[in-house]
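What follows is a structure written as structure tokens; I'll ask about it next.
Since the structure is predicted, the reported quantities are computational estimates derived from the model, not experimental observations. Order of the sequence lines sets the chain letters (A, B, ...), proteins ahead of strands, with each chain counted from 1.
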Protein chains: 2
Amino acid sequence: MQRKVAETGRDLDAHPSSGEPAFVRPAVCEQGCRFFMDEASARKSDMDKVGVTMKFVRNETIYSKGDEARHSYKVIEGAVRLSRIFADGRRQIVNFYLPDETFGIELAEEYTSTAEAVGDVVALRCPRACIAQLTEGNPDISQKRLAMLSKSLSAAERHVAMLGHQSAKERVASFFLALEMQRHTDVEGMLDLPLSRQDIADYLGLTIETTCRALSDLKRQKIIDAPSRRRIVIRDLAGLQAIAEGDV
Amino acid sequence: MQRKVAETGRDLDAHPSSGEPAFVRPAVCEQGCRFFMDEASARKSDMDKVGVTMKFVRNETIYSKGDEARHSYKVIEGAVRLSRIFADGRRQIVNFYLPDETFGIELAEEYTSTAEAVGDVVALRCPRACIAQLTEGNPDISQKRLAMLSKSLSAAERHVAMLGHQSAKERVASFFLALEMQRHTDVEGMLDLPLSRQDIADYLGLTIETTCRALSDLKRQKIIDAPSRRRIVIRDLAGLQAIAEGDV
DNA sequence: GCGCTTCATTGACAAGTCTCAATGCGCGCG
DNA sequence: CGCGCGCATTGAGACTTGTCAATGAAGCGC
């Protein structure tokens with residue numbers, strides 16, 4: 001077995017001793033991208049055999065805004081945040097990506113946001129050239145790519161809607177509701193979130209203090225519990241929905 | 001000549017007397033979609049010959065959130081707004097589309113936002129089934145579709161960033177800057193915007209009053225002029241940029 | 001376990017935005 | 001031509017959120 005999972009986000013699909021990137025070698029390309037695109041096999045795949053599995057440690061940068069956009073990624077484990085930093089030092093998180101979701105798939109010369117690992121992350125990486133190659137004459141893959149982009153777009157539109165008219169409390173409530181929708185734990189109402197308060201605040205377009213206060217409010221109303229930093233329990237789903245919709 | 005441009009947004013590419021929609025007829029499909037996808041020919045095309053040209057009057061609904069998503073559109077003349085309405089009656093405008101831009105191209109069963117004509121609008125309409133048909137075996141078109149979606153996504157991300165951390169004045173400044181970037185008039189700094197103050201406010205996630213005050217502020221600083229309701233003149237581009245970036 | 005560091009929470013006050021209300025302005029219609 | 005209507009602008013006060021500062025809680029290395 002020649003290839004192993006990377007320890008910390010270094011190139012795995014670039015051939016170690018040649019200037020030519022590995023994705024032009026058919027074997028890697030085919031295997032890597034098939035796994036990348038095929039949701040069913042991605043989960044149960046033998047990681048050792050896939051040349052594009054990468055690991056990133058907590059807070060590691062996966063790519064930076066402005067970098068040449070050479071790869072797309074699919075989350076296997078952990079969570080990834082896409083963000084932009086502003087001149088005043090504040091950060092806006094544009095989107096989160098959870099297991100099975102794909103990011104960096106848009107069509108632009110350069111990445112328009114920075115991608116970072118929220119906690120430790122395992123992701124599949126696929127060169128765009130490889131995807132483009134597979135796309136030709138394969139309407140299925142082309143379709144999947146469209147579907148992924150569409151999903152990101154509609155998430156972004158929801159996000160815009162939230163930032164545009166919801167109060168702090170409503171935003172926090174909406175955020176937990178959205179997480180509950182795509183919960184990965186098996187207990188209803190139990191959310192395991194790898195995000196810090198700062199991450200949440202930056203996603204919601206609030207300061208960390210305002211986010212905290214909204215959280216405390218919800219706790220006081222017995223709508224949620226926060227037994228530990230990274231765990232939220234929804235005790236009153238209907239109440240949470242009411243708050244998210246603005247029914248005080 | 002059997003077909004004419006529609007007066008007010010009714011079906012044009014559905015065969016009048018048959019249950020079968022017209023887009024399965026190759027001629028219409030091919031012609032309509034070629035014009036739809038090909039930017040160069042769209043502008044100079046004989047409208048009379050294209051079966052998918054539609055007109056919408058000011059404030060007319062092009063499609064509603066929740067409708068079955070059967071068509072994509074390309075703006076020829078005028079401006080289109082994509083918006084969502086909330087329980088409290090407030091409206092968030094998610095995006096604007098100007099001539100040559102395409103909307104409704106995402107991949108979802110139902111439209112996720114409502115599309116309306118800002119002023120009078122001329123648009124090309126293409127059934128998605130037709131696009132899908134053309135996409136197969138035509139990587140060029142597939143690529144263009146990806147590019148359009150990508151553009152919408154990056155616009156949405158910019159929008160999120162704006163709503164998440166900019167002040168009222170910064171938002172207004174950024175908005176005019178963005179318009180200047182894609183100006184359609186030939187005079188530098190002269191913006192012809194078909195939007196009402198309410199449209200602008202709903203896009204920026206502000207109330208109409210706050211938007212007005214920001215505008216008046218910019219006028220007082222001699223950064224812009226507003227000689228008439230629907231016209232803005234940028235008198236100090238650098239100053240506008242500085243404000244948009246937060247340098248007071 | 002202890003101290004250190006980082007993150008989370010709470011409080012008091014300042015600043016920005018929204019709400020409500022009044023006024024101004026432009027435009028079409030009777 | 002003036003009237004009414006819709007849209008835009010301005011003002012005053014209430015409310016929400018941000019800022020600054022202090023305290024509390026949790027994780028980690030020694």
- Message: Whole angstroms only, please: what is the CZ-C1' distance between A/R90 and D/dT17?
- Response: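 One finds 10 Å between C1' of D/dT17 and CZ of A/R90, rounded.
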- Regarding B/S154 and A/E106, is there a side-chain donor-to-acceptor distance under 3.5 Å anywhere?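 No pair is found: no donor N or O on one side chain lies under 3.5 Å from an acceptor on the other.
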- Within this structure, what is the CG-to-C1' distance between B/D199 and D/dC7, rounded to whole angstrom?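 Distance check: B/D199 CG to D/dC7 C1' gives 12 Å.
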- Message: Side chain of B/T210, heavy atoms from C-beta onward: which of C/dT17, D/dA26, D/dG11 has the nearest atom to it?
- Response: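 Of the candidates, C/dT17 comes closest.
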- Proximity to the side chain of B/R213 - top-ranked nucleotide from D/dG11, C/dA8, C/dT9: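 Selected nucleotide: D/dG11.
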- Message: Measure CG/A/L215 against C1'/D/dT17 and give the value in whole Å, please.
- Response: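 In whole Å, D/dT17 C1' and A/L215 CG are 16 Å from each other.
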- Message: Rounding to an integer number of Å, can you tell me how far A/D217 CG sits from D/dC15 P?
- Response: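 Spelled out: CG on A/D217 to P on D/dC15 is 16 Å.
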- Could you give the CD-to-C1' distance, from B/Q166 to C/dG16, as a whole number of Å?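 Value for this atom pair: 15 Å.
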- What is the distance, rounded to the nearest whole Å, between atom CZ of A/R197 and atom P of C/dA8?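 So the two atoms are 6 Å apart, to the nearest Å.
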- Query: Any donor-acceptor pair under 3.5 Å linking the side chain of A/D202 with the backbone of A/D199?
  - Reply: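 Here the side-chain-to-backbone pair does not exist.
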- Message: Side chain of B/K219 only, heavy atoms from C-beta on: which candidate in D/dT9, D/dG24, C/dT9 is closest?
- Response: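 Nearest to the side-chain atoms of B/K219, counting from C-beta on, is D/dT9.
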- Nearest to side-chain heavy atoms of B/T207, which nucleotide of D/dT9, C/dA8, C/dC18: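 Given the options D/dT9, C/dA8, C/dC18, the side chain of B/T207 is closest to C/dC18.
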- Out of D/dC7, D/dT10, C/dA8, which has the shortest distance to the side chain of B/E209?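 Closest of the options to the side chain of B/E209: D/dT10.
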- What is the nucleic acid contact for B/S228, judged by heavy atoms within less than 4.0 Å: base, sugar-phosphate only, or nothing?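 Here B/S228 touches no strand at all.
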- Do the non-hydrogen side-chain atoms of A/L215 and A/R197 ever get within less than 4.5 Å of each other?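 Side chain of A/L215 against side chain of A/R197, heavy atoms only: contact under 4.5 Å found.
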- Query: For the pair made of CD1 in A/I208 and P in C/dT9, what is the distance, rounded to whole Å?
  - Reply: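 Atom-to-atom, A/I208 to C/dT9, this comes out as 8 Å.
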- Message: On DNA chain D, does the nearest nucleotide to B/N59 precede the nearest nucleotide to B/R220 from the 5' side, or the other way round? Give the residue.
- Response: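 Of the two residues, B/N59 wins.
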- Query: Going by an N to O cut-off under 4.0 Å, is there a salt bridge joining A/R231 and A/D192?
  - Reply: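 A/D192 and A/R231: salt-bridged.
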- So which nucleotide from C/dG24, C/dC7, C/dT10 ends up closest to the side chain of B/R229?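 Shortest atom-to-atom distance from the side chain points to C/dG24.
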- Message: Would you say that B/H159 contacts B/N95 through its side chain, given a criterion of any heavy-atom pair below 4.5 Å between the two side chains?
- Response: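 A side-chain contact under 4.5 Å is absent here.
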- Query: B/L206 has a side chain; which of C/dC18, D/dG18, D/dG24 sits nearest to it?
  - Reply: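 When the side chain of B/L206 is considered, C/dC18 is the closest of C/dC18, D/dG18, D/dG24.
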- Message: Checking contacts here: which listed nucleotide (D/dT17, C/dA8, D/dT9) is nearest the side-chain heavy atoms of A/A168?
- Response: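 Between D/dT17, C/dA8, D/dT9, the one nearest the side chain of A/A168 would be D/dT17.
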- Whole Å only: how far is the CG atom of B/D88 from the C1' atom of C/dT19?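 After rounding, the gap between these two atoms is 14 Å.
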